[in-house]
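Report on one structure; see the data block that follows.
Given the structure is predicted, the values throughout are model-derived calculations rather than measurements. Protein chains get the first letters and strands the later ones, always in sequence-line order, with residue 1 at the start of each. Just so it is clear, the values below take in all heavy atoms, side chains as well, and ignore hydrogens, waters and symmetry mates.
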Amino acid sequence: MAETKLINLKINDREVQVPQGTLVIEATRRLGIEVPSFCYYPGLSLQAACRMCLVEVEKMPKLQTACTLTASEGMVVRSNTDQVRNSRKYMLEFLLANHPLDCPVCDKGGECELQDMVFRYGADTSRFVEEKIHRPEEKWSELVYYDAPRCILCFRCVRACDEGMDVKALGVGMRGANSVIIPNGGDHLDCEECGMCIDICPVGALTSGTYRYKTRPWEMQYVSTICTHCSNGCKTTLSVRNHEILRANNRDLSGINGDFLCVKGRFGFDFTQHPERIKQPLLRKGEKLYPVSWEEAAQAAAKQLKELHAAYGPESVGFIGSNRISNEENYLLQRLARATFGTNNVDHHRTADYTGLVTALGDRAADSSLTMEQLYQSKAVLLIGNDPTNQNPLVGWQIRAGIRHHGTKLFLLNSHEIKLARKATQSILLPAGEEAAAVRWLATGEGELPQEVMEQLSVLRAALEAEQDVAIVFGPELTGAAIGHLVDFGSRLPGTTRYMALGDYANSRGAADMGVLPDRLPGYAYLDNRASAEALENLWDAKLPAKPGLTAPQMVEAAQTGTLMALYVVGANPLAHFGTLGYGRGKLQLLIVQEMFLTETAKQADIVFPAASAYEKDGSVTNTSGEIQLLHKAGEVMGTRSDFDLLRILSHQLEKIGLGKAFHYKTPAAVFEEIRKAVPGYNVHPAGLLTGGAEPTKIHFSRNAHEPYDVPVQLIRSANDNLFTSGSLGRFCTMMQSLPEAEAKP
Amino acid sequence: MAGGIRGGKTLKAVIPGGSSCPLLKSDEIDIPMDYDSLAKAGSMLGSGGMVVMDEDTCMVDMARRIMHFYAHESCGWCIPCREGTSWLRKMLERFHAGFGRPEDIDMVGDLAKNMLGRTLCPLGDAAAMPTISIVTKFRSEFEDHLHGKCAYKSAESLMASR
């Protein structure tokens, strides 16, 4: 890595050293000196529009904007002189000339940058006695309202939409003091509804349609947790009042996503308050499900599971885990299946072949994974399949930011036209479904592809070989053997190659890492890896079954034929996702579900336990790039319990009637302590997590003598979500579903 | 030059080089017309677009008209010019219509001085400089307007001139 030259300068008589190329405004921040700004925003292009950051610089005749001035050797800067103070005072006075006195009715009051700046640097009276320019408020969408008089024309929203999101839905119209922000629909927005504009607006010009007039910022608690929708692991700071989540944003810049959130992260929390939320245990009596007491439901569940297990053996019971529950909960579920019931019939809806990636990388897995930050820093990115704009928005954001800030080269291999293609250095459009074939050709030169595609692939290969380090990001189009080819190709590139598999849902990666798989233990160890199995047997004080179990689709099939007697489903909807559409519970004698809503599967269950959502519990989740982060309980819905609690209750009930050992963990954190010991690669230092950061896991895997890995293609099913859908859960995100852009999507 | 003032009137003021320049009073114009001399006199040769005003010109109206131009032309990018020109235009309109207050005279100069040198481009300076020169050199005309009348134009033609 090239050495960056350091520059010495003086700010307010204090020495500071900064890397060459640093802006003066960033240098002042290093010293903890505040130079106010509205239009300057790290990550977006420079404007020098608001003039708030004017500072004195020796040897320069006029005041200079600190946000556009690059620090130079020996520069002397002063931001605390009378001239600078005067300048700031007048800028604010000018701004307040047309700005309406809306504070009492403006949502931004209490968290408004203009309020803060006026308190710190402004005058205490207004001398403006003329008529203010007034325009009525405009509703641009269900989620975005624009109040032109409040707008201070800092253009952050325009830049965030244009550069950050590459949607370009906002522009500036008219001129002078009559300038306004104009949406692309003239009087409305037709966009990705991410809401970046609302949260980046320093004042109350752009406000949220769902949060309007609800409350004041100081009346809410702020809880940082992880978004429950896609697999990227964005931090979302939930604003909560009286246990109810009122809004979500990430303006505190915590987490791996900075202030980025998509429409799901920002607005997709209303499912927590949906009227159809299950709030009592339900027991089937005859044709219908009836609310019953916790005792009745828990005892019935334990009793019936034990009876079927005793009568038909461990093979007759199946467990399906979840892509949205925490690592602790998935870990406990597979422990329940293996240690208590002696079965490997445990699986989940696999949206990416994480197993394939870890197996292909083997003992290089720990050093070859790509974090979200590394994706941003990469200078060359190969993206195969997937459509990040719709399915993995943070991935899209990181790639666009890398291109914008340091000229990252993006190489695209896809059988669909995706929005990111317009930012690509090279984009190859493959015939439908040929991503795996293209990767095989890159690795081996074998396979039939159209001539011009093979020529473009040669160009691609040459380009990648000329790069120092390549980041490879791939969607679920690549599974099994195809991932093997990809890793072969990647390992022959000259520099360090890192990989990120793209799955769906907040904890798909965690589910796989925790061993919610019929043929792997936690950490992907093969079932016949005696060292791994014995370690777990000692921890759980039980023998582990050796025979691989059924996959989730096989369990649904087995239910139809009657070979599976009991199915325990946590946070999943297998009867809707697997098998032929329209599969019912078949010949299952017992179907127990831990769920939030009466999904297709829950409707057919014998017992339903009301589950808490990811926003209502503690725990940890692992994003698609293998980074763990902590969930924090934000809201609470009376009557629901976390899946951790539900599994604990079941384990106690089972132990009482003589099956298995009760779980004695007092909190999810206690489970995590065990996970750190039991799951290779999860021994991360808790300090990083506890202070709100993400810790990359270091999964390492020994292949030993096993056959080359492959997996039936239909086992890995992408959710194929877009920005406005989120599997079964997304149906209950009323706001998102109602957006016109959602209805317009195919 | 050019046969003297039309109709034999007296010269009051000159804009030597375009509307951005500080104005020169009639007793200040006896200088060579070159860049250095005009700079020394506190103005500029600029574009060389000369505007000659006689005794019948209302200087407050002149300030108003000049600020009207800059408020209209302001692109709106930066706060001081966008808000400053708009504010000053409204003040000067009000002032010329006879609704000025004593504190407004100083405020015009004050606001204009605090636009100067702080804008993204020289348009802000261009709006500020003539305004400052008019309110400084022709203060008495501003004070006259305080009594609700413009000595040079009737009320009707004031409204019509907008």
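The 12-atom threshold is exceeded at NZ of B:Lys137, counting heavy atoms of other residues, nucleotides or ligands nearer than 6.0 Å. Other residues, nucleotides and ligands place no more than 12 heavy atoms under 6.0 Å from the NZ atom of B:Lys113. Within a 6.0 Å sphere centred on NZ of A:Lys10, other residues, nucleotides and ligands contribute 12 heavy atoms or fewer. A 6.0 Å sphere centred on CG of B:Asp27 holds more than 12 heavy atoms belonging to other residues, nucleotides or ligands. When the shell of 6.0 Å around NE2 of B:His72 is examined, it contains 12 or fewer heavy atoms from other residues, nucleotides or ligands.
Considering only heavy-atom pairs separated by less than 4.5 Å from chain B, the leading option among A:Cys154, A:Cys50, A:Ser179 is A:Cys50. The most heavy-atom pairs under 4.5 Å with chain B, out of A:Met174, A:Arg127, A:Glu93, A:Glu131, come from A:Arg127. Most heavy-atom pairs under 4.5 Å with chain B, from the set A:Val172, A:Asn178, A:Ile133, A:Val129: that is A:Val129. Contact tally against chain A (heavy-atom pairs below 4.5 Å) for B:Met115, B:Glu103, B:Glu73: the top residue is B:Glu73. With chain B as the partner, the residue from A:Pro61, A:Ala177, A:Gly176 showing the most heavy-atom pairs under 4.5 Å is A:Gly176. The candidate with the highest count of non-hydrogen atom pairs below 4.5 Å against chain B, out of A:Ala97, A:Ala48, A:Cys39, is A:Ala48.
Proximity to chain A (any heavy atom under 4.5 Å) is shown, for B:Asp104, by neither the backbone nor the side chain. If you measure heavy-atom distances from A:Ser87 to chain B, the contacts under 4.5 Å come from both the backbone and the side chain. The part of A:Tyr90 that comes within reach of chain B is its side chain, from C-beta onward, which places non-hydrogen atoms under 4.5 angstrom from that chain. Heavy atoms closer than 4.5 Å to chain B are found in both the backbone and the side chain of A:Asn86. Looking at A:Leu54, the atoms closer than 4.5 Å to chain B (heavy atoms on both sides) all sit in the side chain, from C-beta outward.
Contact annotation: the side chain of A:Phe94 approaches that of B:Leu111 to within less than 4.5 Å [non-hydrogen atoms, C-beta and beyond].
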Let me have the donor-acceptor pairs involving side chains of residues 197-206 of chain A, under 3.5 Å, with sequence neighbours excluded, atom names and distances please.
residue, atom, partner, partner atom, Å
A:Asp199, OD2, A:Arg266, NE, 2.5
A:Asp199, OD2, A:Arg266, NH2, 3.3

- [ ] Mind running side-chain contact (heavy atoms from CB on, under 4.5 Å) on B:Asp125 and A:Lys62 for me, showing each step along the way?
- [x] CA-CA 12 Å; B:Asp125 301 334; A:Lys62 300 208 293 192; 3.8 Å; yes
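For the pair B:Met91 and A:Glu130, the tightest heavy-atom approach, listed with the atom from each and the gap, is CG-OE2, 3.1 Å. Taking both residues in full, the closest heavy atoms of B:Arg118 and A:Gln83 are given as NH2-O, 4.2 Å, listed atom of the first, atom of the second, then distance. The two residues B:Ser86 and A:Asn98 have their closest heavy-atom pair at OG-ND2, 4.1 Å.
Residues of residues 75-83 of chain B lying under 4.5 angstrom from chain A, judged on non-hydrogen atoms, are B:Cys75, B:Gly76, B:Trp77, B:Cys78, B:Ile79, B:Pro80, B:Arg82, B:Glu83 by number.
Rounded to the nearest 0.5 angstrom, B:Thr119 OG1 and A:Arg51 CZ are separated by 6.5 Å.
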